[in-house]
Q: 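There's a structure below that I have some questions on.
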Protein chains: 2
Amino acid sequence: MSFMSLRHEGNDMATRGLEVGRALRDLIATGAYAPGSRLNENELAIALKVSRTPVRSALSTLAAEGLLVYRPNSGYSVRPFSSRDIEEIYAVRAELDGMAARLAAFKGLSDQQRGAHHRLLQESGELIAQDRWDDDVCQRWRQVNSAFHAVIHEAANNAYLVQAIHQTDEIPFFALIRFKWYDKEMLRRSHEEHVEISDAILNRQPSRAESLESEHVYRSGRRLVANWRRIEEQIRRGKCFESAVLSDAA
Amino acid sequence: MSFMSLRHEGNDMATRGLEVGRALRDLIATGAYAPGSRLNENELAIALKVSRTPVRSALSTLAAEGLLVYRPNSGYSVRPFSSRDIEEIYAVRAELDGMAARLAAFKGLSDQQRGAHHRLLQESGELIAQDRWDDDVCQRWRQVNSAFHAVIHEAANNAYLVQAIHQTDEIPFFALIRFKWYDKEMLRRSHEEHVEISDAILNRQPSRAESLESEHVYRSGRRLVANWRRIEEQIRRGKCFESAVLSDAA
DNA sequence: GTTGGCCTTATTGTATCCATTTTTCCACAT
DNA sequence: ATGTGGAAAAATGGATACAATAAGGCCAAC
């Protein structure tokens, strides 16, 4: 039987369910499925070389996380989102990240966190200093940016705050991944804001850290919303989702 | 075949999965399973008169929501939580509810919302005015309290804010449900705080509404944490979870 | 008497099967 | 030509069968 051989083909992992979940999340995040499109369980099962059971399990998890929407007897589809969604998300994020910065400044950073903090700030500075501006640099910047904020979240030392932040992180990431680059000016300002935030946290100024971080997130949100509105406009003019995104990003 | 008869026994609902999810949530919320206890899929399937498939689906959803924890090859168990968890949750809630109150005061209430607002405040006042203090009154107060805050959340008009609040609402509810009563003084103060908050929102004072609401939630959290610490202390002295809770609540 | 290892048992994880529902598409009538 | 009805196809929802892993108990050896 062919299906037996599949199970022993690549690995000997105990449970493939989690693996499938990650794979699905990647598929969606990287844009293999456009927002609103329906996910065929059979198709996914075949693509991932497992049966429908673990696929369905993963789908229900992703739906609970808000990445997918579920309609009884109609299955799962990628959650569509509008610039309105992004606006609302960033309003919440500004509050939550502000809180994280406040707590981080109040509680102080561990030596390890301070080390990571400095390293990331320096790398970020190097990235915007150089003239190259290709996909690699762009992706690297995204990583550094995420890591910078992650240190603050961690330093806030509140698991539920982190959870709430992660919850609201999926969709913006989802939207950002479709832009191939950022403009340099935007990143330079972002870096400067990071430096200021860092200063406030390291000098233990909670309320200054909070307002700076909050403003920083809010501004990022404004930029993303503006870009996304342009994409929506193109879609309204008849372009399909993918081509609208690509033409704006390329 | 007996299993066939079961499926046609009670209802003709299209999908039982959602139904099962709600039933499970109720079972956990009402304390049929203590925190930390493992959930046997077979047992649940038999109790709910369905096969393991919808049960597993519901379990994975509840796990994604944070009500259960999942360990590969060990299944699902009710998420244990400590007074530390409650502290962290209420810190986040103070921020989120404060934000909701700020937005509600900024955007203003619709006529319908204003009506519900007044009605709930009045009912809350009547509840604390009377001398009866049994389970019914207590449960009614919980409902009124929830509804009062729900109006504010709704008025904030931000779906992701509401989502984040709901996320952090499960565990406190979970903890509160185990107390059979509140002391009267605590509720009287709570009601007075509600009146003040209401005043700030209706008079369109965003920052006052925010700080009042934030303080209100923070105080509620302190009270719940204090009570929960007493329960933890009893458990540490050897009592099992249930008896510790009951002795404190009765 | 205690401890370590093995074997049985119970429970989870995955695959497949069947019923029900939705969707699609084509024929037919207006 | 277009809209509607209905039948066929496909996809989801749920049940069961089987495999794999973990848990617990029992026996033996020290």
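Quick caveat: nothing in here was measured; it's all calculated off a predicted structure. Side chains included, hydrogens not; waters and symmetry mates left out as well; all remaining heavy atoms used. Note on naming: letters A, B, ... go to the chains in the order of the sequence lines (proteins, then strands), and numbering restarts at 1 for each one.
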Q: For residues A:Ile28 and A:Leu62, determine if any side-chain heavy atom of one lies less than 4.5 Å from a side-chain heavy atom of the other.
A: yes

Q: State whether B:Asn73 places a side-chain N or O below 4.0 Å from either non-bridging phosphate oxygen (OP1 or OP2) of D:dA22.
A: yes

Q: Counting side-chain heavy atoms from CB outward, which of D:dG13, C:dT14, D:dG14 is closest to A:Glu41?
A: D:dG13

Q: Would you kindly give the CG-to-P distance between A:Asn40 and D:dG13, to the nearest whole Å?
A: 12 Å

Q: Can you measure B:Leu68 atom CG to C:dT12 atom C1' for me and round it to whole angstrom units?
A: 15 Å

Q: Just the rounded figure in Å: distance from C1' of C:dA15 to CG of A:Leu48.
A: 15 Å

Q: Of the nucleotides C:dT23, D:dT16, C:dA15, which one has an atom closest to the side chain of A:Arg38?
A: C:dT23

Q: Taking only N and O in the side chain of A:Tyr76, is any of them less than 4.0 Å away from OP1 or OP2 of D:dG13?
A: no

Q: Starting at atom CG of A:Leu59, determine the distance to atom P of D:dT12, rounded to an integer number of angstrom.
A: 9 Å

Q: Rounded to whole angstrom units, what separation is found between the CG atom of B:Asn42 and the C1' atom of C:dT12?
A: 10 Å

Q: Please state whether the phosphate of C:dT23, meaning OP1 or OP2, lies under 4.0 angstrom from any side-chain nitrogen or oxygen of A:Arg71.
A: yes

Q: How long is the gap from CZ on A:Arg223 to OH on A:Tyr90, to the nearest 0.5 Å?
A: 9.5 Å

Q: Got a sec, which residues hit side chain to side chain donor-acceptor pair (under 3.5 Å) with B:Gln143, two or more places apart in sequence or on another chain?
A: B:Arg140

Q: Take atom CD1 of B:Ile46 and atom P of C:dT11, then tell me their distance rounded to the nearest Å.
A: 10 Å

Q: With a 4.0 Å limit, can you tell me whether A:Ser51 has a side-chain N or O closer than that to the phosphate oxygens OP1/OP2 of C:dA15?
A: yes

Q: Just checking, is any N or O donor in the side chain of B:Glu213 or B:His149 under 3.5 Å from an acceptor N or O on the other one?
A: yes

Q: Look up atom CD in B:Glu232 and atom CG in B:Asn227, then write down how far apart they are to the nearest 0.5 Å.
A: 11.5 Å

Q: For D:dA11 and A:Arg56 - does any side-chain N or O of the residue sit under 4.0 Å from the phosphate oxygens OP1/OP2?
A: no

Q: Between the base of D:dG13 and the side chain of A:Arg52, is there a donor-acceptor distance below 3.5 Å?
A: yes

Q: Once you apply a heavy-atom cut-off of 4.0 Å, does A:Leu39 come out as touching a base, just sugar-phosphate, or nothing?
A: sugar-phosphate

Q: When you get a sec, tell me which of C:dT12, D:dT12, D:dA22 is the closest nucleotide to the side chain of B:Ser74?
A: D:dA22

